[in-house]
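Below is one structure, written out as structure tokens, with a few remarks after it.
Counting from 1, the numbers follow the sequence of the chain as shown.
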Amino acid sequence: PQIVIRNSTSIGYIVVDFATGTASVEFKSGQRYDYTHVSRRAILNLLNNPNMSLGFWVNNNLLKNDRVKEKFRYAHKHLANFVYCWAWKY
């Protein structure tokens, strides 16, 4: 698995796993969703294009893809704020 952190207005980070075709997205609101059946080509595209918007990638490869399955994990606003402050600090 690889973590992808970039400037984004709504997404804190994305963890993608090429081997399993999965992605986990944590939004800055603290909500986390896990996705299965993610295109491996889309995962490689995200990893190889550092200027790609995280929101663009999520919308086009996860939310607008009928093959991808979504599972809500949790929402924790205070923990999310701590993670983002720490990640951008280091």
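- Of all heavy-atom pairs spanning Asn45 and Met52, the tightest one is ND2-CE, 3.4 Å.
- Once rounded to the nearest 0.5 Å, the distance linking NZ of Lys28 with OH of Tyr13 reads 13.0 Å.
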Stepwise side chain to side chain contact (heavy atoms under 4.5 Å, CB included) test for Arg32 and Val15: CA-CA 11 Å; Arg32 178 176 162 201; Val15 178; over 6 Å; no
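- The CG atom of Asp34 sits 11.5 Å away from atom CG of Asp17, with the distance rounded to the nearest 0.5 Å.
- Scanning both residues, Gln2 and Leu47, for their nearest heavy atoms gives OE1-CD1, 2.9 Å.
- In this structure, Asp66 has no side-chain contact (heavy atoms from CB on, under 4.5 Å) partners at least two apart in sequence or on a different chain.
- Residues Trp57 and Ile14 approach most closely at CE3-CD1, 4.0 Å, considering heavy atoms.
- Here OG of Ser24 is found 9.5 Å from OH of Tyr35. Values are rounded to the nearest 0.5 Å.
- Here the CZ-OG distance, from Phe56 to Ser8, works out to 13.5 Å after rounding to the nearest 0.5 Å.
- For the 3.5 Å distance criterion, the side chains of Asn65 and Asn61 fail to qualify, holding no donor opposite an acceptor.
- Remark: Asn60 CG to Ser53 OG distance equals 9.0 Å, nearest 0.5 Å.
- Between the CD1 atom in Ile5 and the CG atom in Asn7 there is a gap of 11.0 Å [rounded to 0.5 Å].
- Between Gly21 and Arg40, the shortest heavy-atom distance links the atoms N-NH2, 3.5 Å.
- Counting heavy atoms from C-beta outward, Ile3 and Glu26 have side chains that stay 4.5 Å or more apart.
- Leu63 places a side-chain heavy atom less than 4.5 Å from the side chain of Glu70.
- Between the side chain of Arg67 and the main chain of His37, a donor-acceptor pair closer than 3.5 Å is present.
- Of the candidates Val68, Thr20, Thr22, Thr22 is the only one forming a side-chain contact (heavy atoms from CB on, under 4.5 Å) with Thr36.
- The two residues Val16 and Ala23 have their closest heavy-atom pair at CG1-CB, 4.1 Å.
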